[in-house]
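In what follows, a single structure is set out as structure tokens and then discussed.
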Amino acid sequence: MPQLRLFTRLASAFTTPRSPEDFLRLVDPLASARQLRGLVTSVVPETADSVTIRFRPGRGWNPHEAGQWARIGVEIDGVRHWRSYSLSTGAGQDPAITVTAMGKVSTALVRGTRPGDVLFLAPPEGDFVLPESPRPLLMLTAGSGLTPVMSMIRTLVPRRADADLVLVHSSRSPEESLFREELLELTDQFPGFRLVQWFTGERGRRLDLAATADLDSACPDWRDRAAYACGPADFLDAAESLWQREEGELRVERFAAVVAPGSGGEGGRVTFEKSDKEVEADSGTTLLAAGEGAGLMMRSGCRMGICHACVTPLLSGQVRDTRTGEVHGEPGHLVQTCVSTAAGPVSLDA
């Protein structure tokens with residue numbers, strides 16, 4: 001609008017060298033046209049090492065679908081770090097992430113986040129979402145893999161009288177199980193929702209997905225249901241193998257990139273030209289990990305090859321994609337450092 005542009009120019013005359021937006025952020029921390037932000041409204045403990053962080057996003061945020069994730073930025077010692085977290089609230093609700101203290105960024109969020117803090121955000125992403133047409137569902141989760149599925153449960157179960165959903169969740173103990181009390185309340189309130197909790201500490205073993213006996217006991221009609229699974233890599237590998245054998249329908253959400261057998265590459269010397277750093281990286285070390293190991297602040301997001309936040313120009317050499325084993329690279333190509341290893345000497349514009 002012409003009036004708004006005129007006001008902005010007049011305001012700039014009084015705030016130079018700062019912009020009017022800099023002063024507006026002192027009043028409203030979400031007022032930024034350049035960077036999407038979220039204001040933390042509550043921090044709720046879930047277990048001894050996990051919390052749910054609710055936040056009110058600023059303009060530019062797209063309401064999330066149940067099961068999606070978002071990149072979250074947090075400043076630690078003056079440096080902004082980005083990680084991807086599943087959104088655990090139901091679709092249409094103010095967003096929240098449920099974080100377990102594992103790794104530098106997650107631990108900082110769990111131990112240090114307070115209401116009133118500001119998070120840096122990127123819009124929700126991901127296609128691990130509920131099916132459009134209603135049908136019987138089976139959710140298989142382990143550990144923090146419950147978080148995107150909890151968003152689905154909170155969306156579907158209270159809103160649809162015809163919901164037919166079975167959740168089989170594996171955790172070490174009742175004390176370490178996320179959302180346990182809420183899930184038990186939902187099973188009391190909604191007959192179409194059934195919960196099977198598998199506590200490995202009490203049973204003395206993990207849920208066995210290499211065979212069908214455990215699933216047959218937990219959910220006898222599991223073959224007839226659309227299945228969703230989220231959890232550690234070995235848990236998902238076993239689920240995918242089982243559903244392939246049974247020719248069933250399974251959707252999977254992974255928190256780490258799939259690594260193809262023998263896909264590590266040869267390794268080699270990695271040169272970070274802008275930073276004037278060189279490091280030897282073996283066949284199992286990604287370019288992202290090599291840079292971080294050399295003390296560099298590498299751009300990153302999901303760290304599993306989805307969000308493309310880590311892409312960096314390749315100046316010379318070739319890299320191997322850990323997901324496929326494919327060797328590729330020409331000068332000027334953008335490589336995903338989180339899922340690439342050195343296939344010989346490599347030079348990056350970083």
Side-chain angles (χ1 to χ4, degrees), residues 41-55 63-69 85-100 124 126 128-203 207 214-215 217-222 224-231 235 239 250-253 255:
T41 56
S42 69
V43 180
V44 180
E46 299 288 351
T47 70
D49 295 313
S50 303
V51 299
T52 291
I53 301 170
R54 293 181 179 270
F55 55 90
H64 69 283
E65 295 183 58
Q68 288 191 305
W69 52 272
Y85 294 98
S86 297
L87 298 162
S88 54
T89 51
Q93 300 176 2
D94 278 350
I97 54 174
T98 300
V99 184
T100 299
F128 186 73
V129 296
L130 288 168
E132 294 183 2
S133 57
R135 59 173 302 180
L137 299 174
L138 168 64
M139 306 294 190
L140 286 171
T141 60
S144 59
L146 179 56
T147 52
V149 167
M150 194 64 191
S151 175
M152 297 180 180
I153 293 170
R154 286 168 167 163
T155 299
L156 180 66
V157 172
R159 302 180 187 181
R160 293 195 64 106
D162 60 346
D164 181 0
L165 190 155
V166 176
L167 169 65
V168 180
H169 178 60
S170 176
S171 58
R172 291 191 186 93
S173 67
E175 295 75 23
E176 296 178 74
S177 187
L178 295 171
F179 317 117
R180 182 168 180 261
E181 293 302 322
E182 181 181 352
L183 288 170
L184 291 173
E185 290 177 5
L186 287 171
T187 60
D188 289 338
Q189 296 172 18
F190 302 99
F193 175 53
R194 190 162 69 85
L195 171 66
V196 179
Q197 300 203 77
W198 185 285
F199 300 123
T200 57
E202 295 180 359
R203 294 179 181 261
L207 180 69
D214 286 347
L215 271 182
S217 175
C219 181
D221 65 344
W222 63 272
D224 301 323
R225 294 174 175 267
Y228 288 68
C230 187
F235 178 85
L250 176 70
R251 299 186 71 172
V252 165
E253 176 83 328
F255 293 153

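In what follows, residues are counted from 1 in the order of the sequence shown.
- Rounding to the nearest 0.5 Å gives a distance of 5.5 Å between CD of E253 and OG of S86.
- Residues satisfying the side-chain hydrogen bond (donor to acceptor under 3.5 Å, both in side chains) test with T47, not counting sequence neighbours, are S50.
- Between the side chain of S217 and the main chain of D214, no donor-acceptor pair closer than 3.5 Å is present.
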Return all side-chain donor-acceptor pairs below 3.5 angstrom for residues 129-138, not counting sequence neighbours, or 'none' if the list is empty.
unit_1	atom_1	unit_2	atom_2	d
R135	NH1	E249	OE1	2.8

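- In this view, A142 and S170, P232, F235 satisfy the side-chain contact (heavy atoms from CB on, under 4.5 Å) rule, not counting sequence neighbours.
- Closest approach of Q68 to P124, counting heavy atoms only: OE1-CB, 3.7 Å.
- By the salt bridge (charged side-chain N to carboxylate O under 4.0 Å, His left out) test, E46 is found to be paired with no residue, residues two or more places apart in sequence or in another chain being considered.
- The ring-ring contact (aromatic ring centres under 6.0 Å, His included) test applied to Y85 returns no partner, not counting sequence neighbours.
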Practice task
Start with the C-alpha gap between D94 and T41, add the side-chain angles, then the distance that decides, and say whether side chain to side chain contact (heavy atoms under 4.5 Å, CB included) holds.
Solution key: CA-CA 10 Å; D94 278 350; T41 56; over 6 Å; no
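- Interatomic distance, F55 CZ to T89 OG1, rounded to the nearest 0.5 Å: 7.5 Å.
- Partners of D49 according to the salt bridge (charged side-chain N to carboxylate O under 4.0 Å, His left out) rule, which considers only residues two or more places apart in sequence or in another chain, are R111.
- Legend: residues meeting ring-ring contact (aromatic ring centres under 6.0 Å, His included) with F128, ordered by chain and number and at least two apart, are Y228.
- Here the closest heavy-atom approach between residue G145 and residue C230 is recorded as O-CB, 3.3 Å.
- Judged as a ring-ring contact (aromatic ring centres under 6.0 Å, His included), and not counting sequence neighbours, W198 has no contacts.
- Among residues two or more places apart in sequence or in another chain, the side-chain hydrogen bond (donor to acceptor under 3.5 Å, both in side chains) test is passed with E175 by S173.
- Between the CD1 atom in I97 and the CH2 atom in W69 there is a gap of 13.0 Å [rounded to 0.5 Å].
- Every residue meeting the salt bridge (charged side-chain N to carboxylate O under 4.0 Å, His left out) condition with R172, not counting sequence neighbours, appears here in chain and number order: E176.
- Distance check: M139 CE to I153 CD1 gives 6.5 Å after rounding to the nearest 0.5 Å.
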Got a list of side-chain donor-acceptor pairs under 3.5 Å for residues 188-197, not counting sequence neighbours?
unit_1	atom_1	unit_2	atom_2	d
R194	NH1	A218	O	3.2
R194	NH2	A218	O	2.8
Q197	OE1	S177	OG	3.4

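- Here the closest non-hydrogen pair linking M152 and G67 is CE-CA, 4.1 Å.
- We find the OG1-CG distance between T52 and L178 to be 7.5 Å, quoted to the nearest 0.5 Å.
- Residue pairs meeting the side chain to side chain donor-acceptor pair (under 3.5 Å) criterion with at least one partner in residues 136-164, sequence neighbours excluded, are T141-H169, R154-E182, R160-D162, D164-R225.
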